[in-house]
Amino acid sequence: MATSDSATLSKTVKQQYMELPQGGKVQAMYIWIDGTGEGLRCKTRTLESEPKSIEDLPEWNFDGSSTNQAEGSNSDMYLIPSAMFRDPFRKDPNKLVLCEVLKYNRKPAETNLRITCSKIMAMVEDQHPWFGMEQEYTILGTDGHPFGWPSNGFPGPQGPYYCGVGADKAYGRDIVEAHYRACLYAGVEICGTNAEVMPAQWEFQVGPCEGISMGDHLWVARFILHRVCEDFGVVASFDPKPITGNWNGAGCHTNFSTKEMREDGGLKAIEDSIEKLGKRHSYHIRAYDPKGGLDNARRLTGHHETSNIHEFSAGVANRGASIRIPRNVGQEKKGYFEDRRPSANCDPYGVTEALIRTCLLSEEGDEPTDY
């Protein structure tokens with residue numbers, strides 16, 4: 001398996017520089033979503049003092065012609081700081097800064113789904129929508145071959161790898177542990193992790209997060225994973241079906257509830273939401289991956305613990321359904337439901353916004369309402 005040359009550079013040599021004092025100044029790494037809607041970019045600037053809030057962070061800009069976001073003749077794009085986290089790579093007092101992207105005319109870039117998501121969340125803040133997202137990913141070598149797989153073949157069939165323990169079952173746990181600790185340090189609401197069904201495939205969960213913070217925390221968790229993998233010389237892939245054949249794909253199951261759903265008798269509100277979702281299946285499929293459903297078509301086949309992309313279904317404890325109601329929720333008649341359709345490379349802003357529009361704003365039809 002191929003690893004990057006960068007991973008062979010001496011980390012010990014690097015560390016002697018990282019321990020040098022910063023002279024009271026702070027490094028802020030600005031992070032944004034590029035023109036693909038799934039790639040992340042970053043760059044760093046120096047601040048004179050440690051920022052205490054988003055308001056302390058200056059706007060910045062970048063060359064959008066190099067990120068599939070602008071033409072070369074009019075390429076300046078604006079970076080608008082939107083969420084701030086501790087930097088687990090440079091450590092305190094340095095920061096990670098997640099940004100929205102605006103075009104030259106200060107209108108949102110096409111892949112800036114945060115701005116509309118934020119407006120929709122503000123409309124329902126009194127209902128306290130909570131989300132939890134289960135991010136699956138696959139560890140690959142720089143040649144695209146799954147980490148730990150034989151160079152000219154396949155590992156044993158699926159079965160022993162899910163939540164597996166042992167060198168022949170868990171491939172790449174060091175990366176998972178490093179990512180988990182880095183997220184905790186940064187202040188990301190990571191709440192768990194486990195090995196997945198396909199070898200070299202893992203999952204981490206983020207939540208519960210209320211409103212717009214769900215997208216913020218998941219995107220920063222993804223960024224941290226990419227950076228951790230960079231240090232180890234490997235690649236984190238969010239492709240929904242990285243290996244064809246009898247291997248599980250990768251999703252981003254999204255758990256959703258409101259204050260009403262979490263209170264006694266909340267099952268009625270859950271069932272009402274599922275009924276609304278069933279009438280708007282095609283809209284959600286388009287919103288649940290960056291290619292309008294084309295990526296998910298490779299994953300949602302009705303096999304490998306997925307529903308069929310062309311059909312809507314719901315059931316208690318059914319992992320082959322579009323929507324799963326956990327068994328304990330069915331018994332207690334309150335709680336949350338799980339939408340199993342979003343792909344691993346979905347935009348969490350788009351997913352959470354779609355759920356709010358359909359379930360709480362009672363929108364219908366194939367297009368979102370313009371408020």
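Basis for what follows: all heavy atoms, side chains included, without hydrogens, waters or symmetry-related copies.
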*Asks:* Taking side chain to side chain donor-acceptor pair (under 3.5 Å) as the definition, give me every residue that meets it alongside Asp34, ordered by chain and number, with sequence neighbours left out.
*Replies:* Thr36, Arg41
*Asks:* For Lys333, give me all partners under side-chain contact (heavy atoms from CB on, under 4.5 Å), at least two apart in sequence or on another chain.
*Replies:* Leu267
*Asks:* Can you measure from OG1 (Thr369) to CD (Glu367) and round to the nearest 0.5 angstrom?
*Replies:* 10.0 Å
*Asks:* Just checking, any donor-acceptor pair under 3.5 angstrom between side chains of Arg341 and His281?
*Replies:* yes
*Asks:* What's the shortest heavy-atom distance between Ala83 and Ile54, and which atoms?
*Replies:* N-CD1, 3.4 Å
*Asks:* Assess, by modelled atom type and distance only, whether the side chains of Asp216 and Ser213 contain a donor and an acceptor separated by less than 3.5 Å.
*Replies:* no
*Asks:* Side chain to side chain donor-acceptor pair (under 3.5 Å) between Asp5 and Thr8: does it pass, once the steps are laid out?
*Replies:* CA-CA 5 Å; Asp5 290 340; Thr8 65; 5.2 Å; no
*Asks:* Apply ring pair (Phe, Tyr, Trp, His ring centres under 6.0 Å) to residues Tyr78 and Trp60 and explain how you reach the verdict.
*Replies:* CA-CA 6 Å; Tyr78 296 103; Trp60 206 8; over 10 Å; no
*Asks:* Can we say Asp272 and Lys268 salt-bridge, meaning some charged N sits less than 4.0 Å from an Asp/Glu carboxylate O?
*Replies:* yes
*Asks:* What donor-acceptor contacts under 3.5 angstrom involve side-chain atoms of residues 235-242, with partners at least two apart or in another chain?
*Replies:*
| unit_1 | atom_1 | unit_2 | atom_2 | d |
| --- | --- | --- | --- | --- |
| Ser237 | OG | Asp239 | N | 3.1 |
| Asp239 | OD1 | Lys241 | N | 2.8 |
| Asp239 | OD1 | Arg298 | NH1 | 3.0 |
| Asp239 | OD1 | Arg298 | NH2 | 3.4 |
| Asp239 | OD2 | Arg298 | NH2 | 3.4 |
| Lys241 | NZ | Trp247 | O | 2.5 |

*Asks:* Are Arg357 and Arg280 close enough that some pair of their side-chain heavy atoms sits under 4.5 Å apart?
*Replies:* yes
*Asks:* Which one of Glu353, Glu364, Glu363, His284 satisfies the side-chain hydrogen bond (donor to acceptor under 3.5 Å, both in side chains) criterion with Thr358?
*Replies:* His284
*Asks:* Which of these, Asn296, Asp295, Asp339, sits in a side-chain hydrogen bond (donor to acceptor under 3.5 Å, both in side chains) with Tyr288?
*Replies:* Asp339
*Asks:* Would you indicate whether Tyr17, at its atom OH, is surrounded by more than 12 heavy atoms from other residues, nucleotides or ligands within a distance under 6.0 Å?
*Replies:* no
*Asks:* Consider only side-chain heavy atoms of I, L, V, M, F, W and Y, link residues closer than 4.5 Å, and tell whether Met198 and Phe204 are in one cluster.
*Replies:* yes
*Asks:* Do you know which two heavy atoms are closest between Met121 and Gly211, and how far apart they sit?
*Replies:* SD-CA, 3.7 Å
*Asks:* Verify the distance criterion only: is there a donor paired with an acceptor across the side chains of Asn246 and His303 at less than 3.5 Å?
*Replies:* no
*Asks:* How does the hydrophobic cluster around Val165 look, that is, which other residues are in it when side-chain heavy atoms under 4.5 Å mark a link?
*Replies:* none
*Asks:* Determine whether the side chains of Asn255 and Glu134 contain a donor N or O and an acceptor N or O closer than 3.5 Å.
*Replies:* yes
*Asks:* Which pair of heavy atoms, one from Ala186 and one from Phe85, lies closest together, and at what distance?
*Replies:* O-CB, 3.5 Å
*Asks:* Can you see whether Asp347 engages Trp219 through a side-chain donor-acceptor pair at a distance of less than 3.5 angstrom?
*Replies:* yes
*Asks:* Establish, yes or no, whether the cationic atom of Arg286 lies under 6.0 Å from the six-membered ring centre of Tyr283 and within 45° of the ring axis.
*Replies:* no
*Asks:* Tell me, which pairs form a salt bridge (charged side-chain N to carboxylate O under 4.0 Å, His left out) where one or both residues lie in residues 308-325, sequence neighbours left out?
*Replies:* Arg324-Glu338
*Asks:* May I have all residue pairs that pass side-chain hydrogen bond (donor to acceptor under 3.5 Å, both in side chains) and include part of residues 140-155, sequence neighbours excluded?
*Replies:* none
*Asks:* Could Arg86 and Tyr185 be counted as a cation-pi pair, given that NZ or CZ must be under 6.0 Å from the ring centre and within 45° of the axis?
*Replies:* yes
*Asks:* So which heavy atom on Leu140 is nearest to which on Pro146, and how close?
*Replies:* CD2-CA, 3.8 Å
*Asks:* Going by atom type alone, with no hydrogens or angles, which donor-acceptor pairs under 3.5 Å involve a side-chain atom of residues 166-182 and a protein atom two or more places apart or on another chain?
*Replies:*
| unit_1 | atom_1 | unit_2 | atom_2 | d |
| --- | --- | --- | --- | --- |
| Arg173 | NH2 | Gly164 | O | 2.9 |
| His179 | NE2 | Ala221 | O | 2.9 |

*Asks:* Applying side chain to side chain donor-acceptor pair (under 3.5 Å), can you list everything that pairs with Glu59, at least two apart in sequence or on another chain?
*Replies:* Arg106
*Asks:* Could you measure the distance from the CD atom of Glu50 to the CD atom of Gln22? Nearest 0.5 Å is fine.
*Replies:* 10.0 Å
*Asks:* Any non-hydrogen side-chain atom of Leu79 less than 4.5 Å from a side-chain atom of Asn61?
*Replies:* no
*Asks:* Salt bridge check, Glu48 against Lys25: does any charged N sit closer than 4.0 Å to a carboxylate O?
*Replies:* yes
*Asks:* Would you say the side chains of Glu136 and Asn248 form a donor-acceptor pair under 3.5 Å?
*Replies:* no
*Asks:* Among pairs that include at least one residue of residues 189-209, which meet salt bridge (charged side-chain N to carboxylate O under 4.0 Å, His left out), considering only residues two or more places apart or in two chains?
*Replies:* none
*Asks:* How far apart are the C-alpha atoms of Glu260 and Thr258, what are their side-chain angles, what is the distance that settles it, and do they pass the side chain to side chain donor-acceptor pair (under 3.5 Å) test?
*Replies:* CA-CA 5 Å; Glu260 183 183 8; Thr258 62; 5.0 Å; no
*Asks:* What residues, two or more places apart in sequence or in another chain, satisfy side chain to side chain donor-acceptor pair (under 3.5 Å) together with Asp87?
*Replies:* none
*Asks:* Taking side chain to side chain donor-acceptor pair (under 3.5 Å) as the definition, give me every residue that meets it alongside Glu332, ordered by chain and number, with sequence neighbours left out.
*Replies:* none
*Asks:* For Ala195, give me all partners under side-chain contact (heavy atoms from CB on, under 4.5 Å), at least two apart in sequence or on another chain.
*Replies:* Trp202
